Amino acid sequence: MIPTREEMKATLVLRQGKELTEKCESVTVAICGLGGLGSNIAIALARAGIGKLILIDFDKVDVTNLHRQQYKASQVGMHKTEALRDNLLEIAPYIQLETHTLKLTEENLTDVLQEADIICEAFDKAEEKAMLVNTVLEKLSQKYLIAASGMAGLASANSIKTRQITKHFYLCGDESSDVADGMGLVAPRVMLCAAHQAHMVLRILAGKEE
Amino acid sequence: MVKINGENLDIAGKTVTQYLETTTYNLQRIAIERNGDIVPKTQYSETILEDGDVLEVVSFVGGG
């Protein structure tokens with residue numbers, strides 16, 4: 001039996017208060033890349049009652065994703081946008097979702113992200129991260145941007161941090177553990193970094209911007 | 001003096017491009033903030049660093 005919209009909202013209000021719950025409800029967050037970071041950010045934000053998510057990824061779920069990304073073995077071969085939409089709607093049936101199965105580029109980025117209030121960068125490749133950050137800060141400078149860099153390997157969980165770089169730009173991660181250097185990404189440390197990003201979204205909404 | 005990533009450098013008068021040429025940054029993986037604003041990539045060669053400027057070069061690593 002699925003709870004009603006009112007029941008679900010009431011439980012959020014009890015925990016995080018009416019003001020923050022209504023802010024969450026009215027905000028649109030874009031998640032660029034639906035891998036280890038993006039799929040975990042999306043689930044955390046859906047649970048927190050974010051009103052609308054824009055989900056962007058060109059790729060399909062692969063068996064090599066299952067060790068860290070929030071997909072099921074039965075979803076291998078599906079587009080990540082569709083698989084994550086299904087998973088999110090099981091968790092938060094009243095959330096609004098907009099999906100874009102495409103590769104974000106300097107050219108299409110401003111159109112796709114136009115409606116977002118807060119943008120989470122959750123790409124895999126360093127060059128793509130830099131492209132998104134440069135383009136958003138230059139062309140969509142009024143939006144909040146939360147990017148991630150450095151979360152690979154088995155270094156301490158405590159080295160993952162959130163740092164404010166400019167008024168609207170935050171960077172999460174240890175800023176050094178490159179996926180190319182060692183054993184690659186492990187689920188808990190990627191989840192930590194994703195949690196930092198999702199948490200910063202809530203902090204911005206609560207007016208705790210630093 | 002120009003402060004870049006916390007370090008004071010005697011490079012006022014040089015452009016961002018001239019500074020980057022003295023470093024090992026991969027230009028495809030960086031974003032540069034100067035006094036609170038992003039420096040557009042197309043303006044690296046025209047942006048002249050001034051005494052008192054505070055910059056941060058954010059260099060991304062892969063994984064996500």
Side-chain angles (χ1 to χ4, degrees), chain A residues 32-41 68-69 106 120-141 145 147-153 163-169 171-182 184-186 189-190 193-194 197, chain B:
Chain A
C32 306
L34 305 177
L37 293 171
S39 61
N40 280 300
I41 294 168
R68 72 180 193 282
Q69 305 184 15
E106 270 176 77
C120 293
E121 177 282 310
F123 289 151
D124 192 35
K125 293 195 175 73
E127 289 79 2
E128 300 284 313
K129 290 171 178 288
M131 181 280 292
L132 183 116
V133 166
N134 278 297
T135 310
V136 168
L137 292 179
E138 197 179 325
K139 296 186 178 161
L140 301 170
S141 58
L145 172 63
S149 179
M151 75 297 298
R163 199 159 68 86
Q164 185 175 27
I165 311 269
T166 67
K167 191 166 184 295
H168 283 191
F169 172 37
L171 185 62
C172 303
D174 67 16
E175 301 186 38
S176 66
S177 305
D178 195 316
V179 71
D181 289 343
L185 296 151
V186 296
R189 205 153 184 271
V190 181
C193 192
Q197 290 181 274
Chain B
M1 282 295 181
V2 176
K3 191 180 254 188
I4 303 186
N5 291 8
E7 192 183 350
N8 282 310
L9 299 171
D10 189 12
I11 54 167
K14 292 203 188 308
T15 66
V16 170
T17 299
Q18 285 169 332
Y19 161 68
L20 289 171
E21 282 166 356
T22 68
T23 70
T24 56
Y25 287 117
N26 176 339
L27 299 193
Q28 298 304 309
R29 296 182 166 207
I30 61 170
I32 301 180
E33 170 264 320
R34 178 197 189 202
N35 304 330
D37 290 313
I38 193 81
V39 182
K41 291 209 129 173
T42 51
Q43 287 171 29
Y44 284 0
S45 60
E46 296 150 35
T47 302
I48 296 168
L49 300 169
E50 290 173 24
D51 199 35
D53 275 356
V54 179
L55 283 88
E56 168 133 12
V57 182
V58 177
S59 182
F60 289 91
V61 296

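The chains referred to below are lettered A, B, ... by the order of the sequence lines, with proteins before strands, and numbering in each begins at 1. Since this is a predicted model, take the numbers as computed values, not measurements.
Ranked by heavy-atom pairs under 4.5 Å with chain A, the first of Ile30(B), Ile32(B), Val39(B) is Ile30(B). Note: Leu185(A) leads Asp181(A), Asn40(A), Val190(A), Leu185(A) in heavy-atom pairs under 4.5 Å with chain B. No other option in Val179(A), Leu171(A), Leu37(A), Asn134(A) has as many heavy-atom pairs under 4.5 Å with chain B as Asn134(A).
Of the inter-residue distances, the one linking Thr166(A) atom OG1 with Glu33(B) atom CD reads 6.5 Å to the nearest 0.5 angstrom.
Using a 4.5 Å cut-off between heavy atoms, Ala180(A) makes no contact with chain B at all. Contact of Ala147(A) with chain B is made through the side chain alone, with heavy-atom distances under 4.5 Å. Interface residue Arg163(A): only side-chain heavy atoms are found under 4.5 Å from chain B. Residue Thr135(A): no heavy atom, backbone or side chain, is found under 4.5 Å from chain B. In this structure, chain B has no heavy atom under 4.5 Å from any part of Ser141(A).
Summarising the local packing, NZ of Lys41(B) is surrounded by more than 12 heavy atoms from other residues, nucleotides or ligands at distances under 6.0 Å. Around atom CG of Asp10(B), no more than 12 heavy atoms belonging to other residues, nucleotides or ligands sit under 6.0 Å away.
For Arg29(B), the salt bridge (Lys or Arg N to Asp or Glu O under 4.0 Å) partners are Glu127(A), Asp178(A), not counting sequence neighbours. Evaluation of the side chain to side chain contact (heavy atoms under 4.5 Å, CB included) rule for Ile48(B) yields Thr15(B) as partners, not counting sequence neighbours. Partners of Glu128(A) according to the salt bridge (Lys or Arg N to Asp or Glu O under 4.0 Å) rule, which considers only residues two or more places apart in sequence or in another chain, are Lys103(A).
Checking each of Val136(A), Leu137(A), Ile165(A) against Ile38(B) for a side chain to side chain contact (heavy atoms under 4.5 Å, CB included) leaves exactly one that passes, namely Leu137(A).
Of all residues in residues 54-64 of chain B, those placing a non-hydrogen atom less than 4.5 angstrom from a non-hydrogen atom of chain A are Glu56(B), Val58(B), Ser59(B), Phe60(B), Val61(B), Gly62(B), Gly63(B), Gly64(B).
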